[in-house]
Amino acid sequence: MASFDDRDGKIWYNGELVDWRSAKLHVLSHGLHYASAVFEGIRVYNGKAFKLTEHNERLIKSGEILGFAIPYSVEQLNKATEEVIKAQGVVNGYIRPIAWRGSEMIAVSAQNCKIHVAIATWEWPSYFGKEAKEKGLRLCWADWKRPSPETEPTAAKAAGLYMICTLSKHSAEAKGFNDALMLDYRGYVAEATGANVFFVMKNGEIHTPTPDCFLDGITRRTVIGLAKDLGYKVVERHIKPEELADATEAFLTGTAAEVTPIGSLDKFAFTVGETCHKLMAAFDKLVGR
């Protein structure tokens with residue numbers, strides 16, 4: 001795959017389409033040094049962005065949580081996204097909007113920094129691949145825990161919150177796993193490094209962790225709706241790791257992961273069963289695939 005800084009095409013940058021290679025920021029940008037940046041990940045299906053308004057609403061809210069106002073409305077961001085999708089000719093791919101503080105100040109204080117916004121999109125296949133959909137992912141426990149909301153702004157999709165995800169993902173892949181599952185600061189099951197998690201229990205109910213210290217994913221909420229439409233009871237609660245012995249199936253959800261089954265997690269084994277297949281099919285139908 002070509003480096004992301006050396007491609008043909010256009011990126012929407014501060015209100016206009018610019019050449020892909022010229023969409024740059026200064027080395028002394030506050031967002032680079034102090035992680036004062038928020039972003040989104042959005043899928044493109046058949047040329048249209050999935051849940052575009054919800055994602056841009058969350059982008060603006062994430063900026064507010066980090067103490068800055070994104071200088072574009074949801075409607076303007078929606079229009080810009082559609083513009084860059086068309087310019088790039090993306091049919092089935094990924095969109096990355098990002099907003100960050102600029103280089104007017106380079107200290108902890110950043111009140112005078114300009115807020116920059118960019119939106120890029122590119123063709124992108126399934127994140128985990130076809131084999132994962134058939135056999136399920138191999139997961140291990142992460143070395144890092146999701147922090148308390150009193151410690152970090154956990155309700156924001158903020159760049160700095162993903163460093164422990166990168167560390168955990170690298171560690172898992174070095175051991176031969178696909179991903180890692182994180183506990184939260186209390187020891188409850190939280191999420192994977194970039195996706196929410198669900199468990200199908202022996203009684204047929206679908207259980208998922210309460211998102212009180214990590215993102216309540218847009219795909220997560222979508223899949224909960226699909227599961228309820230299919231007649232499943234969905235329970236959001238705090239889940240202890242040892243309770244996974246009572247789960248027969250498990251799966252991840254997210255913009256990248258979509259709906260991807262889990263085959264194993266440490267000592268726990270799961271089947272890619274009826275519930276996973278039904279939800280994958282329902283999601284595919286929803287997005288027109």
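Here the structure is a predicted model, which means the values were calculated and not measured.
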Tell me if a side-chain donor or acceptor on E173 pairs with a main-chain N or O of H170 at a distance below 3.5 Å.
no
Residues which pass side-chain hydrogen bond (donor to acceptor under 3.5 Å, both in side chains) with D8, listed by chain and number, not counting sequence neighbours
R21
Is any side-chain heavy atom of L52 closer than 4.5 Å to a side-chain heavy atom of E57?
no
Residues forming a salt bridge (Lys or Arg N to Asp or Glu O under 4.0 Å) with R221, sequence neighbours excluded:
D216
At what distance, to the nearest 0.5 angstrom, does OG1 of T260 lie from CG of L279?
12.0 Å
Would you call the rings of F251 and F198 parallel, tilted or perpendicular, where under 30° means parallel and over 60° means perpendicular?
parallel
Cation-aromatic face contact R138/F177, 6.0 Å, 45 degrees:
yes
How close do V272 and M280 get, heavy atom to heavy atom, and via which atoms?
CG1-CE, 4.5 Å
Working for side-chain contact (heavy atoms from CB on, under 4.5 Å), residues I11 and L17
CA-CA 5 Å; I11 289 176; L17 290 174; over 6 Å; no
Roughly how far apart are K240 NZ and L183 CG, rounded to 0.5 Å?
13.0 Å
How many angstroms lie between atom CG of N78 and atom OH of Y72, to the nearest 0.5 angstrom?
14.5 Å
When every non-hydrogen atom of R43 is compared with those of A256, the smallest separation belongs to NH2-O, 3.0 Å
Between D266, L137, V197, which is the residue that forms a side-chain contact (heavy atoms from CB on, under 4.5 Å) with L181?
V197
Going by the angle between their ring planes, with limits at 30° and 60°, are H30 and Y34 parallel, tilted or perpendicular?
parallel
Kindly indicate whether the side chain of F50, heavy atoms from C-beta on, has any atom under 4.5 Å from the side chain of T222.
yes
For the side chain of Q76 and the backbone of S73, is there at least one donor-acceptor N/O pair under 3.5 Å apart?
yes
Please determine whether residues F283 and L230 belong to a single hydrophobic cluster, defined as Ile, Leu, Val, Met, Phe, Trp and Tyr linked transitively by side-chain heavy-atom distances below 4.5 Å.
yes
Side-chain (E236) to main-chain (T210) donor-acceptor, under 3.5 angstrom:
no
Taking the side chain from T154 and the backbone from F214, do they hold a donor-acceptor pair closer than 3.5 Å?
no
With side-chain contact (heavy atoms from CB on, under 4.5 Å) as the criterion, how do Y13 and I119 come out once you've worked through the C-alpha distance, each side chain's angles and the decisive distance to 0.1 Å?
CA-CA 7 Å; Y13 194 117; I119 305 170; over 6 Å; no
Test item: L167 and W144 side chains (from C-beta on) under 4.5 Å apart, heavy atoms:
yes
Does the ring center of F39 lie less than 6.0 Å from the ring center of Y162?
yes
Hey, does K157 have a side-chain heavy atom less than 4.5 Å from the side chain of L59?
no
Less than 4.0 angstrom from a charged side-chain N to a carboxylate O is my criterion; do D184 and R146 meet it?
no
Would a distance-only check, ignoring hydrogens and angles, find a side-chain to backbone donor-acceptor pair under 3.5 Å from E123 to V91?
yes
Start with the C-alpha distance between F4 and W20, add both sets of side-chain angles, then the distance that settles ring pair (Phe, Tyr, Trp, His ring centres under 6.0 Å), and finish with yes or no.
CA-CA 9 Å; F4 277 92; W20 188 291; 7.3 Å; no
Sub-3.5 Å donor-acceptor pair from the side chain of S148 to the main-chain atoms of E150, do we have one?
yes
Cation-pi geometry met for R96 and Y94 (6.0 Å, 45°)
no
Do the ring centers of Y188 and H238 come within less than 6.0 Å of each other?
yes
Between K133 (side chain) and V259 (backbone), is there a donor-acceptor pair under 3.5 Å?
yes
Side-chain heavy atoms under 4.5 angstrom apart, residues restricted to Ile, Leu, Val, Met, Phe, Trp, Tyr: same cluster for V200 and L252?
no
First locate atom CE of M182, then atom SG of C165, and finally report the distance between them rounded to the nearest 0.5 Å.
5.0 Å
Ring centroid separation W100 to F68 under 6.0 Å:
no
Show the nearest heavy-atom pair for residues Y45 and R289, with the distance to one decimal.
CE2-NH1, 3.7 Å
Does the side-chain contact (heavy atoms from CB on, under 4.5 Å) test come out yes or no for T219 and N196, once each step is laid out?
CA-CA 9 Å; T219 306; N196 294 119; over 6 Å; no
Measuring only between side-chain heavy atoms, which start at C-beta, is E258 closer than 4.5 Å to T253?
no
Spatial distance of atom CD (Q88) from atom OG1 (T121) [nearest 0.5 Å]:
7.0 Å
Charged N-O contact under 4.0 Å between R186 and D212
yes
Backbone N/O of C276 and side chain of E249: donor-acceptor pair under 3.5 Å:
yes
Calculate, to the nearest 0.5 Å, the distance between atoms NZ and CD belonging to K267 and E242 respectively.
8.5 Å
Heavy-atom closest contact (A245 atom, F268 atom, distance)
N-CE2, 3.5 Å
Taking the side chain as C-beta and beyond, is there a heavy-atom pair between N56 and T81 under 4.5 Å?
yes
Return the minimal non-hydrogen interatomic distance between I60 and I70, and the atom names on each side.
CA-CD1, 3.8 Å
Minimal non-hydrogen separation, H55 against G41, with atom names:
CE1-O, 3.1 Å
Any chance you could lay out the side-chain contact (heavy atoms from CB on, under 4.5 Å) test for K24 and D5, step after step, and finish with the verdict?
CA-CA 9 Å; K24 299 178 179 180; D5 65 350; over 6 Å; no
Can you establish whether the number of heavy atoms outside E64 located under 6.0 Å from its atom CD is more than 12?
yes
Under a 4.5 Å side-chain heavy-atom rule over Ile, Leu, Val, Met, Phe, Trp and Tyr, are I65 and L77 clustered together?
yes
I would like to know whether R58 and E40 meet salt bridge (Lys or Arg N to Asp or Glu O under 4.0 Å); could you show each step before the answer?
CA-CA 8 Å; R58 188 171 66 181; E40 282 295 320; 2.8 Å; yes
Is it true that a side-chain atom of N178 and a backbone atom of L139 form a donor plus acceptor pair closer than 3.5 Å?
no
Heavy-atom distance under 4.5 Å between the side chains of T275 and I206, does that happen here?
yes
Out of curiosity, does M201 fall in the hydrophobic cluster containing F270 (side-chain heavy atoms, cut-off under 4.5 Å, transitive links)?
yes
H207 versus I239: any side-chain heavy-atom pair under 4.5 Å?
yes
Hydrophobic clustering (ILVMFWY, side-chain heavy atoms < 4.5 Å, transitive) - are L66 and M105 grouped together?
no
side-chain hydrogen bond (donor to acceptor under 3.5 Å, both in side chains) with S168: which residues, sequence neighbours excluded?
none
Pair R237, E205 - check salt bridge (Lys or Arg N to Asp or Glu O under 4.0 Å), show working.
CA-CA 12 Å; R237 66 179 180 88; E205 296 176 352; over 6 Å; no
